[in-house]
Amino acid sequence: MLKALLDIVFPPVCLLCGERSLKKGFCEVCLVLIEKERITTPICSTCGTPFPSPKGVDHECGRCLKERPHFKAARSAFVFDGRLLDAIHRFKYGGDTSLAGPLARSALNALDQSSGCIIVPVPLHSAKLRARGFNQSLLIARELARLTAFPLSYNNLKRARDTGQQVGLKSDERNKNVAGAFILQDPAAFKGKKALLIDDVITTGATINECARLLKLAGAEVFALTVARTVKV
Amino acid sequence: MGPLLPPFLSFASGIALGGAIGMGYVASLGALALSSFFVLALYLKRVRFSPLSLIPLFFSLGSLYIIPYSAVEVPSSHILNMVRKESPADRAGTQVEGVVDIAESTGRRTRVWLDLDRVRGTDGWVISSGKVLLTVNAKVDLLPGDRVRALAMLSEPRTFGNPGEFDYRLWLKRRGVLVTGYVKSDRLVERVRKGEGAAAFLQKTRSKIASFIDSSGAAWPEPLKALVISGQGGIDRALKEAFAITGTAHILSISGLHVGMVAAFAYWAALFSLRRSERALLAFDAKKIALALSAIPAIAYAVLAGLPVPTQRSLIMVIAFIVSFASGRGKDHLNTLSLAGLIVLAVFPSSVWDASFQLSFAAMASIIILLPRLNELSGFFFRKPDGEKDGGLKWAALRFLKHRVLPLLLVTIAAGLGTSPILAFHFHRVSLSGLLANLVAVPLAGICVPSLLVSSALLPVSEILAWLALFPADMAFGFMARAVAFFASLPYASVRVKPPSPVEAGLYYLLLFSVFNITRARVFRFAASVAAVLLFALPMALELKEPSSNLRITWLSVGQGDSAFIELPGGKTMLIDAGGTNNPDFDTGERVVAPFLRSKGVERIDYMVLSHSQQDHMGGLVFLARNMDVGEFWWNGVGALNALEAALDEMGVTKRVVNSSVVRRDIDGVEIEFLNPAGQTGFDTNDSSLVLRIIYGEKSFLFTGDIGEKAERLLAQKDVRADVLKAPHHGSKYSSSAVFLGAVRPSVVVVSAGWLNSFGFPHAEALERYKEAGAEVMRTDISGAITMETDGKTLMKKAHLTGGER
């Protein structure tokens with residue numbers, strides 16, 4: 001009843017294109033365009049990178065075999081491209097925080113039954129947080145926590161050093177850049193727990209891996225979920 | 001299109017048109033029942049819901065809604081009945097008591113909308129009812145909810161009754177007011193009971209702010225006060241006029257723009273402080289919190305302004321948008337605007353007719369609709385050349401233009417396009433300088449208004465801090481005032497226009513909308529051309545037809561004074577006098593004659609004639625001399641023209657002294673005779689009045705100014721025979737002597753006098769003499785403007801208020 005009234009008073013329109021939509025978030029057209037970017041099997045069973053060939057089953061990729069990451073498994077819902085890229089840019093740089101909900105909802109599918117996890121968003125350095133006004137990972141994590149009823153921990157894992165922009169750095173440079181950038185204020189909280197790291201986009205995995213290292217050190221079993229990931233063509 | 005747009009537009013149309021097409025309770029309720037049944041039937045038939053199906057429902061709802069306002073119920077105890085019973089001469093004043101709806105200070109005066117509940121009769125207090133608009137001749141601080149007692153001279157509101165005139169009576173009636181009252185001094189108003197404690201506190205706060213600004217040494221105390229506690233009566237007239245000329249007058253009254261600026265500033269300030277705290281940023285969605293917080297100062301601002309109706313409307317609008325942004329359901333602005341409109345009309349239905357409401361909504365709607373199109377267009381021009389390096393001063397300047405100036409420019413263009421026909425309709429002017437003036441003034445207002453509010457908030461803390469915040473507001477207003485004055489001084493800063501009819505305004509909007517959507521669908525190409533043809537070509541074609549071969553004379557109702565406008569058969573025009581008052585706030589030329597001329601599409605007065613140099617004949621001419629295209633000026637050469645002379649000289653108008661020594665003029669078949677003797681000794685100002693006889697075919701008209709018996713006796717010896725006589729000296733008993741009437745032998749006498757004027761014009765003796773002479777009497781005080789038309793053989797007479805076309 002309340003929702004019907006709300007639909008009349010503030011009818012939902014697509015947050016991307018502004019056209020009328022049936023429910024809060026994206027319209028049907030944009031939703032289809034976004035779904036086009038969804039990652040499907042086969043993917044790396046560890047880091048979640050999709051394999052170029054559409055046939056076959058999930059298996060570990062060469063990179064993960066060579067150097068096992070600190071997380072147990074990472075998944076991404078979409079390829080960082082097309083309409084989805086627009087959505088994330090608008091969310092992160094355009095400051096349209098209303099996008100957190102719809103993005104979290106559409107990323108939910110990529111989460112396999114990792115029940116009982118503590119949801120941990122990848123933190124921003126406080127200077128960057130102040131500049132931007134919000135932490136996009138936290139907003140998505142908060143929506144996911146609401147949808148899954150998992151506990152949320154946003155104040156334990158901190159970024160102690162401003163690592164600057166990762167964009168434009170090469171893989172090994174990124175690794176070096178983020179090394180030791182994070183601290184865990186209360187490692188005891190994660191002892192024997194499962195932790196689910198959340199970020200908007202995963203590129204090389206350097207940041208997620210560094211966070212996972214800390215959490216693993218604290219005694220947690222670490223998983224990761226991002227809305228999107230960049231894929232090398 | 002949002003689902004609320006059709007209901008909003010049909011509700012507004014129902015309110016605006018329901019009364020006009022005669023929908024009473026029966027028709028409205030019937031239509032409501034039918035349209036509800038229609039909606040229900042569609043629902044039961046499971047037809048896919050379309051908001052368009054709600055149009056009849058909301059139209060009938062609107063027409064039903066306005067009935068209590070358009071046909072105000074007058075129970076026997078209503079104050080109107082009491083006012084009507086009282087003889088007009090009995091003006092001792094009445095003690096009234098009631099609750100204040102709204103009190104609006106206009107500087108020297110205060111307008112109090114009173115919901116009256118008792119009146120003191122001869123036998124003590126009696127229960128009464130009705131809304132009364134009291135004008136208190138002083139500044140009184142009253143707030144909604146206060147219970148007051150006042151000694152007022154009550155009367156039924158009247159209009160002069162001229163074509164093109166602002167209908168004050170109707171304006172009041174639409175607000176449910178049938179009686180107005182004048183209160184001579186603030187000592188005659190007594191607050192019997194204050195509103196609640198909060199109201200009293202607010203009262204004190206408001207007056208504290210006012211006296212702080214007055215004593216602060218600010219250069220612009222009056223406008224600054226108008227921008228916090230509202231009421232612009234104290235603002236210098238010339239300054240107000242400059243704002244009106246440049247289309248920036250909206251800045252001086254608290255509108256949606258102001259409330260929106262305060263909300264935007266509060267949002268920015270809240271976000272800024274939230275950003276100081278990492279903990280807060282992590283714990284909340286700072287943007288949403290800041291958005292919610294921004295409503296608080298907006299509400300505080302409206303309350304501080306004393307909640308005048310336009311401010312309440314603005315607040316409703318701003319809060320609707322805040323809630324819409326916070327809902328995270330995307331930005332369907334047009335729907336939010338419709339929502340705000342529906343709420344506003346439900347609370348204040350008569351807003352439909354208010355210029356400020358129409359302007360706010362037209363501005364918002366055109367910004368919402370046109371801005372995306374304008375952005376596309378400008379994107380086309382402002383594309384960054386490929387391969388150009390980012391950096392350098394030129395690039396920075398371009399970036400500033402594109403990101404700071406351009407959006408503001410586009411918003412101003414959109415708002416200007418949307419509001420122009422409404423400004424033309426209500427104020428008969430289009431501001432050509434509006435674009436540039438607003439471009440400068442609006443950002444300065446954006447500095448001025450928030451700092452004023454910050455200053456007011458700091459006032460209870462420290463006067464020094466408050467002064468520090470007031471200083472930038474004063475500076476910003478100073479820059480604004482100077483810029484506005486500069487733009488106003490430019491040639492063609494604003495042009496006076498004939499007010500568009502509602503149909504023309506509708507065509508304009510259709511044309512505007514179609515042109516901006518012309519690339520979207522073929523139907524718009526078609527609609528644009530049809531609208532353009534109807535809007536421009538048709539009036540031109542009508543213009544080309546032969547000018548009327550009739551002589552038409554209109555005696556305007558200018559209150560206590562004289563004014564007659566003559567349309568000569570060849571298309572030339574003549575104006576004899578233009579009334580005039582001693583009230584500097586009411587210029588008959590500006591308020592009566594000019595609107596009348598503009599409503600007729602007349603821009604030129606070929607012959608401006610002054611009967612004699614007295615205020616009630618000359619006063620209104622000054623404005624017309626400055627604002628109309630005047631051919632030449634005729635007068636009797638007696639006395640001083642003062643301000644009129646200055647205006648005529650400035651505009652380079654030739655002045656001619658005319659009297660019986662001047663040969664008669666023939667203008668396109670109309671003969672004009674000058675009958676007043678030249679240099680007659682022993683004549684006073686009135687007796688020296690210019691006397692004109694206008695003859696067309698077999699019909700003649702005699703204009704006599706204010707002549708008395710002495711001049712009449714002299715004239716009676718000449719041929720002064722006329723079918724229509726303008727009663728000398730407004731029907732004074734010392735004029736219109738039997739001898740003179742015998743020489744003129746008029747069939748009609750036109751008396752131009754003010755309603756219940758203090759001179760008692762027209763005098764009973766004069767009226768008796770007209771009757772004896774067998775002449776019909778037509779009076780501007782009773783009938784409003786009187787129009788006569790002749791083809792040289794027959795004479796047609798028409799009165800604006802009482803009708804009677806013959």
Side-chain angles (χ1 to χ4, degrees), chain A residues 2-27 30 90-91 94-103 121 123-143 146 152-159, chain B residues 1-8 43 48-51 54 58 267-268 270-291 316 319-343 368-369 371-372 375:
Chain A
L2 183 75
K3 203 190 150 288
L5 191 73
L6 216 59
D7 277 349
I8 293 172
V9 175
F10 297 114
V13 293
C14 180
L15 297 175
L16 288 182
C17 67
E19 293 294 324
R20 172 85 50 249
S21 68
L22 285 178
K23 53 180 205 280
K24 203 168 149 175
F26 306 121
C27 69
C30 287
R90 185 179 281 232
F91 171 44
D96 190 349
T97 54
S98 302
L99 280 159
L103 283 175
L124 282 183
H125 186 256
S126 67
K128 203 160 180 187
L129 177 66
R130 280 171 188 172
R132 187 173 288 164
F134 61 95
N135 175 358
Q136 70 280 3
S137 307
L138 170 58
L139 294 186
I140 293 171
R142 185 171 277 137
E143 286 295 329
R146 210 169 50 80
L152 174 72
S153 159
Y154 59 81
N155 233 350
N156 200 340
L157 183 65
K158 295 267 183 190
R159 196 181 286 231
Chain B
M1 185 180 70
L4 289 180
L5 185 63
F8 165 60
Y43 177 74
R48 196 171 166 271
F49 174 77
S50 157
L54 296 175
F58 274 84
Y267 171 75
W268 176 83
L271 205 57
F272 182 83
S273 11
L274 281 171
R275 280 184 177 181
R276 300 301 96 199
S277 154
E278 189 182 352
R279 187 176 287 267
L281 287 178
L282 289 175
F284 315 109
D285 184 342
K287 290 193 150 199
K288 299 260 154 99
I289 298 280
L291 208 52
I316 290 172
I319 287 182
F321 276 96
I322 289 177
V323 175
S324 145
F325 291 156
S327 79
R329 293 173 144 254
K331 291 162 183 172
D332 190 348
H333 299 317
L334 208 53
N335 196 68
T336 308
L337 185 67
S338 309
L339 169 72
L342 275 169
I343 298 174
I368 293 168
I369 296 170
L371 196 59
N375 269 326

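Chain letters run A, B, ... following the sequence lines, proteins first, then strands; residues in each count from 1.
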Least distance between heavy atoms, [X] atom then [Y] atom:
X: A:N155; Y: B:L282; answer: OD1-CD1, 3.4 Å
X: A:P11; Y: B:P3; answer: CG-CD, 3.4 Å
X: B:R275; Y: A:A131; answer: NH1-O, 3.4 Å
X: A:R142; Y: B:D285; answer: NH1-N, 4.4 Å
X: B:G328; Y: A:K24; answer: O-CE, 3.6 Å
X: A:G95; Y: B:K287; answer: O-NZ, 2.8 Å

Item to check | B:Y267: partners by ring-ring contact (aromatic ring centres under 6.0 Å, His included), with sequence neighbours left out | outcome: none
Next on the checklist: Looking only at heavy atoms and a cut-off of under 4.5 Å, which of A:L16, A:T97, A:L15 has the most pairs with chain B?
Outcome noted: A:T97
Checklist entry - Do any N or O atoms from the side chain of B:D332 and from the backbone of A:P12 form a donor-acceptor pair under 3.5 angstrom? => result no
Checklist entry - In terms of heavy-atom proximity below 4.5 Å to chain A, should B:L271 be classed as side chain, backbone, both, or neither? => result neither
Item to check | B:A280 portion near chain A, given a 4.5 angstrom heavy-atom threshold | outcome: neither
Next on the checklist: Side chains of A:F10 and B:T336, heavy atoms from C-beta outward: is any pair under 4.5 Å?
Outcome noted: yes
Next on the checklist: Taking side chain as everything from C-beta outward and backbone as N, CA, C, O, which of these in A:A100 sits under 4.5 Å from a heavy atom of chain B? Side chain, backbone, both or neither.
Outcome noted: neither
Next on the checklist: Is A:K158 in contact with chain B via its backbone, its side chain, both, or neither, using a 4.5 Å heavy-atom distance?
Outcome noted: side chain
Item to check | Other residues, nucleotides, ligands: >12 heavy atoms within 6.0 Å of B:K331 NZ | outcome: no
Checklist entry - What residue in B:V323, B:L281, B:L4, B:L339 has the most heavy-atom pairs under 4.5 Å with chain A? => result B:L281
Checklist entry - How many angstroms lie between CZ in B:F284 and CG in A:L138, if you round to the nearest 0.5 Å? => result 12.0 Å
Item to check | Trace of the side-chain contact (heavy atoms from CB on, under 4.5 Å) decision for B:R276 with A:R130 | outcome: CA-CA 7 Å; B:R276 300 301 96 199; A:R130 280 171 188 172; 5.6 Å; no
